[in-house]
Structures are given as C-alpha cells and as structure tokens.
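Below is one structure, written out as structure tokens; the observations come after it.
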Amino acid sequence: MTTSTAPAVSPTVDTTHELAAFLRTRRERLDPGALGLPARRRNRRTPGLRREEVAELAGVSVDYVVRLEQGRGLRPSADVLEALARALRLAPAERAYLFDLTQQRPRKEEKPATAAAPPLARLVTDLSPLPAMLMNHRYDILAWNHEMTRLLLDFGTLPPAQRNSMWLCLMHPEVREFYVDRERVVREGIAHLRAAWAAHPEDQALTDLITGFLAQDEEFARLWAERDIKVNGRGHKLIRHPEAGTLGVHFEVLMPLQDPDHRLVIFRAADEESQSALDHLCAD
C-alpha cells in the first residue's frame, strides 16, 4: 500500500467541476482525422478536437463550450447533452455518466442498499455450484455462497468494513496478487465506482470510500484521474489461486429489477481445466 497526494473527492459530488473536466478529457481524446474533419493549416498545440470543432458538431456556440469546460455553472438541457454526447462520440456508459452529472436522469428516492434483500440472498445460495455473490453499487459484498468463499476468500472472516470488493483488490495482501491482469481488473472497478459516484451524489459513504482510496493508493489515484466510465457487465478473469494454481473464469453481472441497487455476480469456469480445478476446490 502506498500513499498518494492526489486531489480528494469533494464531500459531495462537485458536478460543475467534474462536468468541465469530463467534457475536456473526452474532447482531447478524439482524433479529428477519424471524424472526417478538414485538416487545419496551423499545427495543433493540444490533442484531440478544438472547442470550436465540438461546438460545430454539437450545434452550440464556441462560447458555450468554453464556459462548460471552465465550470462556469451552466446547466445544459437534455437536448444539448444529447448533442454533446454525439459530438464527443460517448459510449453508452459515458453518456449515462454525463446525464447523471447534470441530474437529467430521474433519481431514485430509495436509499442505497446496505443489506441483501432476502430473496436475493437465497438466490445466491441456490446458484451453487456456480460461485456467486451479491454486491451494492459501492462494491460492498452483501451475500455469497460456499463456492465463492473457496474461489476468492471467506468474506465472513473479515470485518464488515473490509467486505468490499474494491478494498480487497487494493488493500488485502493476498487478493492484491490474485488477478493475473490486475490493472485491468482495478481499472474496470474504478470505472464502475466513478459511474456510481455520479449516480449517487448523496451517498457520503461512497464518497468517503473513494476519498480513502485516493489518499492511500497511488494506482487508484492514477486510474481515477483518467475518468474512464466504461462498465463491463460480463467478461473474463484469470485468477492466480494459492491452492488451485492459475484458472480462468467468465463472470456475469446482473441487476435485479426489484432491487436495482444490487449487483448479482456469477462466475463460471472458462475451460475444462479450470472447471476441474474449481470442482476440486469446492469439494472440500
């Protein structure tokens, strides 16, 4: 664990500042040539599109884009946000993040889940022999089955404050070495947390969690500053297990309609060799 001096997350989401930074970083990453924009005579001193090019693509004034990127308190309409999302070629998760920052998406009145809904907790158990666990948007682990304890670790032995998937990946000495492609796993987790942070600006516990990660872990601070919003609902992970050796798993993340703050995570072996290793682990 290392200490970082990166800027902390504000006690509540500073949406004006974050909107400005997000729009600026999305603009700077775009390749003008790939968008079919005409070549300019003078050399570009900064990467990506110029503000006037974004303004032209979005159908707004250059001054409007400048004021947005300077965080001067504008509240763009849903139509303007749609135009900006198209101009900046935002992915669906990035578009949702943009709308969340400007509070253009309807907000849920319910408080974030801190305990597993009983039917979902039973479902996690019933999913055996597939390893499964239930989390909330903060990555707090709310329920798990036996197979998940054998694949990862027994969450019941941890203090409640440490039953958090991101905390484990960053801070737990064994789990830190668990994933072969660790940076990708951490990067995807941070992208999820950033999207959750924008969608739940009132969640002080989430803000405190992120603030702690920024202060304590340089890797988290570096990746957080990239403002990646891509959230993966399925994928593949290669695990370096202390007993079973290296094994591959596919994962699927499901969001129940009745409890949309929950995330049901289900793992499956990626190949026959990994299935044999998983069967051997869970036979104990």
Side-chain angles (χ1 to χ4, degrees), residues 91-93 96-97 100 105-158 160-170 172 175 178-179 181 184-200 203 205-206 209-210 229-239 241 247-270 274-275 278-279 281-282:
Y97 183 68
D100 280 334
R105 290 208 299 180
R107 300 282 177 179
K108 299 188 297 291
E109 296 299 327
E110 298 86 357
K111 293 183 179 180
T114 56
L120 289 177
R122 290 193 296 272
L123 176 60
V124 170
T125 300
D126 292 344
L127 282 169
S128 297
L130 295 176
M133 64 181 175
L134 189 69
M135 301 188 297
N136 63 12
H137 68 276
R138 302 182 197 124
Y139 273 139
D140 294 332
I141 301 167
L142 308 178
W144 56 91
N145 60 14
H146 169 72
E147 287 77 9
M148 186 60 79
T149 67
R150 296 296 294 136
L151 179 62
L152 297 181
L153 76 164
D154 188 351
F155 306 119
T157 64
L158 300 173
Q162 295 181 10
R163 294 175 196 163
N164 179 278
S165 183
M166 180 57 71
W167 187 94
L168 292 170
C169 196
L170 293 172
H172 194 284
V175 180
F178 203 68
Y179 298 105
D181 190 0
R184 178 178 62 82
V185 173
V186 173
R187 185 184 295 277
E188 290 175 355
I190 291 173
H192 167 87
L193 282 183
R194 180 172 280 282
W197 177 65
H200 297 272
D203 188 352
L206 175 60
L209 183 70
I210 295 170
I229 314 297
K230 183 179 181 181
V231 179
N232 288 330
R234 64 168 57 95
H236 176 269
K237 293 180 180 179
L238 203 58
I239 293 173
H241 198 280
L247 66 154
V249 293
H250 296 302
F251 69 90
E252 192 81 23
V253 183
L254 307 177
M255 294 176 61
L257 288 175
Q258 190 71 20
D259 300 282
D261 195 54
H262 289 73
R263 279 93 173 115
L264 178 61
V265 185
I266 306 169
F267 287 91
R268 295 178 293 110
S274 297
Q275 184 65 63
L278 192 58
D279 290 343
L281 278 174
C282 298

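Shown here are the ring pair (Phe, Tyr, Trp, His ring centres under 6.0 Å) partners of Phe267, two or more places apart in sequence or in another chain: there are none. Annotation: side-chain contact (heavy atoms from CB on, under 4.5 Å) contacts of Ala117 (sequence neighbours excluded): Pro119, Leu120, Asp259, His262. Under the salt bridge (charged side-chain N to carboxylate O under 4.0 Å, His left out) criterion, Glu188 pairs with Arg184, not counting sequence neighbours. Remark: Asp154 engages no residue in a salt bridge (charged side-chain N to carboxylate O under 4.0 Å, His left out) (not counting sequence neighbours). Here His172 pairs with nothing under the ring pair (Phe, Tyr, Trp, His ring centres under 6.0 Å) rule; sequence neighbours left out. By the side chain to side chain donor-acceptor pair (under 3.5 Å) test, Gln275 pairs with Asp279, sequence neighbours left out. Every residue two or more places apart in sequence or in another chain that forms a side chain to side chain donor-acceptor pair (under 3.5 Å) with Ser274 is listed here: Asp271. Applying the salt bridge (charged side-chain N to carboxylate O under 4.0 Å, His left out) test to Arg268 and every residue at least two apart in sequence or in another chain returns nothing. Contacts of Ala195 classified as side-chain contact (heavy atoms from CB on, under 4.5 Å), with partners at least two apart in sequence or in another chain: Ile229, Val231. The salt bridge (charged side-chain N to carboxylate O under 4.0 Å, His left out) test applied to Arg187 returns Glu183, Glu226, not counting sequence neighbours. Residues passing the ring pair (Phe, Tyr, Trp, His ring centres under 6.0 Å) test with Phe251, sequence neighbours excluded: none. The side-chain contact (heavy atoms from CB on, under 4.5 Å) test applied to His241 returns Phe178, Ile239, Glu243, Ala244, Leu247, Leu281, not counting sequence neighbours.
Side chains of Asp126 and Val124 form no contact here, defined as non-hydrogen atoms less than 4.5 Å apart. Residues Val249 and Pro131 form no side-chain contact, since every pair of their non-hydrogen atoms from C-beta on lies 4.5 Å or further apart. Residues Val265 and Leu134 form no side-chain contact, since every pair of their non-hydrogen atoms from C-beta on lies 4.5 Å or further apart.
Taking the six-membered ring for Trp and thresholds of 30 and 60 degrees, Phe155 and Trp144 have ring planes more than 60 degrees apart, a perpendicular arrangement.
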Do Leu206 and Trp197 pass the side-chain contact (heavy atoms from CB on, under 4.5 Å) test, and can you show the C-alpha distance, the side-chain angles, and the key distance before you say yes or no?
CA-CA 7 Å; Leu206 175 60; Trp197 177 65; 4.3 Å; yes
Between Leu264 and Leu123, is the side-chain contact (heavy atoms from CB on, under 4.5 Å) condition met? List the steps.
CA-CA 9 Å; Leu264 178 61; Leu123 176 60; 3.8 Å; yes
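Of all the heavy atoms in Val185 and Cys169, the pair that sits closest is CG1-SG, 4.2 Å. Residues Asp100 and Ala199 come closest through the heavy atom pair OD2-CB, 3.6 Å. Nearest heavy atoms, Ala132 versus Leu127: CB-CD1, 3.8 Å. Nearest heavy-atom pair, Cys282 versus Glu147, reported as atom, atom and distance to 0.1 Å: SG-CG, 3.5 Å. The minimum heavy-atom distance linking Leu168 with Leu158 is given by the pair CD2-CD1, 3.7 Å. Here the closest non-hydrogen pair linking Glu252 and Leu254 is CG-CD2, 3.8 Å.
Between Lys237 and Asp181 there is no salt bridge, since no side-chain nitrogen of the basic residue lies less than 4.0 Å from a carboxylate oxygen of the acidic one.
Under the 3.5 Å distance criterion, the side-chain polar atoms of Arg263 are left unmatched by any main-chain donor or acceptor of Tyr139. A distance-only check finds no donor-acceptor pair linking the side chain of Asp261 to the backbone of Asn136 [under 3.5 Å].
If you check the side chains of Asp140 and Asn164, you find a donor sitting under 3.5 Å from an acceptor. Residues Asp203 and His137 bring a donor and an acceptor atom of their side chains to less than 3.5 Å of each other.
Met166 CE to Ile210 CD1: the interatomic distance, rounded to the nearest 0.5 Å, is 9.5 Å. Taking CZ of Arg138 as the reference point, atom NE2 of His192 lies at 11.0 Å (rounded to 0.5 Å).
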